[in-house]
Amino acid sequence: QVQLVESGGGLVQAGGSLRLSCAASGSIFSIDAMGWYRQAPGKQRDLVALFNSGATPNYADSVKGRFTISRDNSKNTVYLQMNSLKPEDTAVYYCAADWRGKSWYPRPVRSWGQGIQVTVSS
């Protein structure tokens, strides 16, 4: 199995910054996609930023220009640098990875991290 371990959340004032990290470990042959989603209370889980098959990551419109996703493929790790945080960024942030355990897997398996709280005070 594959485990995703997130770190770096917490409480910050509006306008501040936080950096999230997510490391994948386990029997991984390859990772097709890896990134971040978030879920605010009473709302659905939405994409924040994601590396997929393309070289350019996808971002939610609400975070473009403020958040930057980066990765270290040698460590199966992704990072999310969050700047100019707003109260509406408050949510539980989840790391997600679409991985294959063997080269012949017909499709990737999605795993989720346990989630990490980010709270932005006004």
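What you see is a predicted model; the values in this text were computed from it and never measured.
Between Leu85 and Leu18, the closest side-chain pair of non-hydrogen atoms falls below 4.5 Å. By the 4.5 Å heavy-atom criterion applied to side chains, Cys95 and Val78 are counted as neighbours. Side-chain contact check for Phe51 versus Ile69: some heavy-atom pair is nearer than 4.5 Å. Taking the side chain as every heavy atom from C-beta outward, Trp36 and Leu20 approach each other to under 4.5 Å. Contact annotation: the side chain of Thr68 never approaches that of Leu80 to less than 4.5 Å [non-hydrogen atoms, C-beta and beyond].
The two residues Asp32 and Pro108 make their nearest non-hydrogen contact at OD2-CG, 3.7 Å. Residues Leu4 and Ala24 approach most closely at CD2-CB, 3.3 Å, considering heavy atoms. Closest of all the heavy-atom pairs between Met34 and Ala97 is CG-CB, 4.0 Å. Summarising the geometry of Tyr59 relative to Lys64, their closest heavy-atom pair is O-CE, 3.5 Å, with the distance given to 0.1 Å.
Between atom CZ of residue Arg19 and atom OG of residue Ser7 there is a gap of 9.0 Å, rounded to the nearest 0.5 Å. A distance of 4.5 Å separates CD1 of Ile28 from CG of Asn76, quoted to the nearest 0.5 Å.
In this structure, Arg71 fails the cation-pi test against Tyr79, since its NZ or CZ atom is not both closer than 6.0 Å to the six-membered ring centre and inside 45 degrees of the ring normal.
The aromatic rings of Phe67 and Tyr93 are tilted relative to each other, their planes meeting at an angle between 30° and 60°.
Note: the hydrophobic cluster containing Leu47 also contains Tyr94 (ILVMFWY, side chain heavy atoms under 4.5 Å, direct or indirect links). Hydrophobic clustering of Ile, Leu, Val, Met, Phe, Trp and Tyr side chains at less than 4.5 Å, counting indirect connections, unites Val12 with Val63.
Using a cutoff of 4.0 Å between basic side-chain nitrogens and carboxylate oxygens, Lys86 and Asp89 are not scored as salt-bridged. For Arg107 and Asp98, the salt-bridge test fails: no basic side-chain N is under 4.0 Å from an acidic carboxylate O. Between Asp46 and Arg38 there is no salt bridge, since none of the side-chain N atoms of the basic residue sits less than 4.0 Å from a carboxylate O of the acidic one.
Side-chain atoms of Tyr37 never come within 3.5 Å of backbone atoms of Trp112 as a donor-acceptor pair (strictly under, hydrogens ignored). Judged purely by atom type and a 3.5 angstrom limit, Thr77 uses its side chain to pair as donor or acceptor with the backbone of Lys75.
If you check the side chains of Asn83 and Ser17, you find a donor sitting under 3.5 Å from an acceptor.
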Side-chain donor-acceptor contacts of residues 113-122 below 3.5 Å, not counting sequence neighbours, with atom names and distances?
unit_1: Gln114; atom_1: NE2; unit_2: Glu6; atom_2: OE1; d: 3.4
unit_1: Gln117; atom_1: NE2; unit_2: Ala91; atom_2: O; d: 3.4
unit_1: Gln117; atom_1: NE2; unit_2: Thr119; atom_2: OG1; d: 3.2

Side chain to side chain donor-acceptor pair (under 3.5 Å) between Trp99 and Ser30, intermediate numbers included: CA-CA 6 Å; Trp99 56 273; Ser30 65; over 6 Å; no

